[in-house]
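Notes for the one structure printed next.
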Amino acid sequence: MLNPELLLMAPISVEMKDGTRQVFASVNDVLDFLEGEWTIYRGRKHNRAVQTCRRALNRMTPVAIAREAFVEACRDAGLSTDAESPFGAKPDVGGHHSPI
């Protein structure tokens with residue numbers, strides 16, 4: 001039996017290198033992209049995003065953590081997103097989340 005789609009708290013729109021935008025609404029969408037269509041820099045943050053999405057699909061990590069790891073991987077690769085922290089806090093200069 002397949003896992004049902006795990007929806008993100010809010011879809012993430014990512015601007016690709018060619019200028020097109022792609023919208024991701026579920027952990028499944030994100031993982032498919034990271035493992036199949038991701039043709040850019042595959043560094044530590046990309047690897048963390050893949051592992052975090054797999055853990056979310058196995059109900060071992062909250063979906064919000066997988067979402068944030070994907071956003072970080074996109075930014076690390078130079079892709080812009082419309083995503084903020086799932087909790088409404090914006091990262092400060094040190095990369096930590098400021099309280100609301």
Side-chain angles (χ1 to χ4, degrees):
M1 184 163 137
L2 295 175
N3 282 339
E5 290 278 314
L6 290 178
L7 298 179
L8 302 174
M9 291 172 53
I12 301 169
S13 176
V14 178
E15 185 173 343
M16 300 297 144
K17 292 288 187 183
D18 65 4
T20 62
R21 291 196 85 68
Q22 192 165 341
V23 177
F24 300 90
S26 72
V27 175
N28 304 70
D29 293 343
V30 168
L31 187 58
D32 286 347
F33 176 71
L34 288 169
E35 292 185 324
E37 298 173 49
W38 188 275
T39 59
I40 47 184
Y41 177 67
R42 288 186 181 223
R44 183 179 58 82
K45 291 186 179 186
H46 172 270
N47 292 335
R48 179 179 180 272
V50 169
Q51 293 304 316
T52 306
C53 285
R54 286 182 183 156
R55 290 179 59 81
L57 289 174
N58 287 314
R59 309 297 198 270
M60 299 168 64
T61 297
V63 171
I65 301 298
R67 181 184 191 279
E68 191 65 23
F70 176 57
V71 169
E72 289 177 14
C74 288
R75 290 182 181 153
D76 190 48
L79 301 177
S80 65
T81 72
D82 66 350
E84 292 184 9
S85 166
F87 305 108
K90 294 187 179 189
D92 65 21
V93 175
H96 301 287
H97 294 285
S98 303
I100 298 174

When the side chains of residues 43-51 are checked against the rest of the protein, which donor-acceptor pairs come out under 3.5 Å, sequence neighbours left out?
{"residue": "His46", "atom": "NE2", "partner": "Leu34", "partner atom": "O", "Å": "3.0"}
{"residue": "Asn47", "atom": "ND2", "partner": "Gly43", "partner atom": "O", "Å": "3.4"}

Check salt bridge (charged side-chain N to carboxylate O under 4.0 Å, His left out) between Arg54 and all other residues, then give those that pass, not counting sequence neighbours. Glu35
Between atom CG of Leu57 and atom CG of Leu31, what is the distance when rounded to the nearest 0.5 Å? 6.0 Å
Please name the pair of heavy atoms, one in Thr52 and one in Ala66, separated by the smallest distance, quoted to 0.1 Å. CG2-CA, 3.4 Å
If I take atom SG from residue Cys53 and atom CG from residue Asp32, how far apart are they, to the nearest 0.5 angstrom? 10.0 Å
Show every donor-acceptor pair shorter than 3.5 Å between a side-chain atom in residues 11-24 and any protein atom, with sequence neighbours excluded, or say none if there are none.
{"residue": "Ser13", "atom": "OG", "partner": "Arg21", "partner atom": "NE", "Å": "2.9"}
{"residue": "Ser13", "atom": "OG", "partner": "Arg21", "partner atom": "NH2", "Å": "3.4"}
{"residue": "Glu15", "atom": "OE1", "partner": "Arg21", "partner atom": "NH1", "Å": "3.3"}
{"residue": "Lys17", "atom": "NZ", "partner": "Ala77", "partner atom": "O", "Å": "3.2"}
{"residue": "Asp18", "atom": "OD1", "partner": "Thr20", "partner atom": "N", "Å": "2.9"}
{"residue": "Asp18", "atom": "OD1", "partner": "Thr20", "partner atom": "OG1", "Å": "2.7"}

Can you list everything that forms a side-chain contact (heavy atoms from CB on, under 4.5 Å) with Ser26? Sequence neighbours excluded, please. Glu5, Leu7, Asn28, Asp29
Would you check if Leu6 and Arg59 make a side-chain contact, meaning some heavy-atom pair closer than 4.5 Å? yes
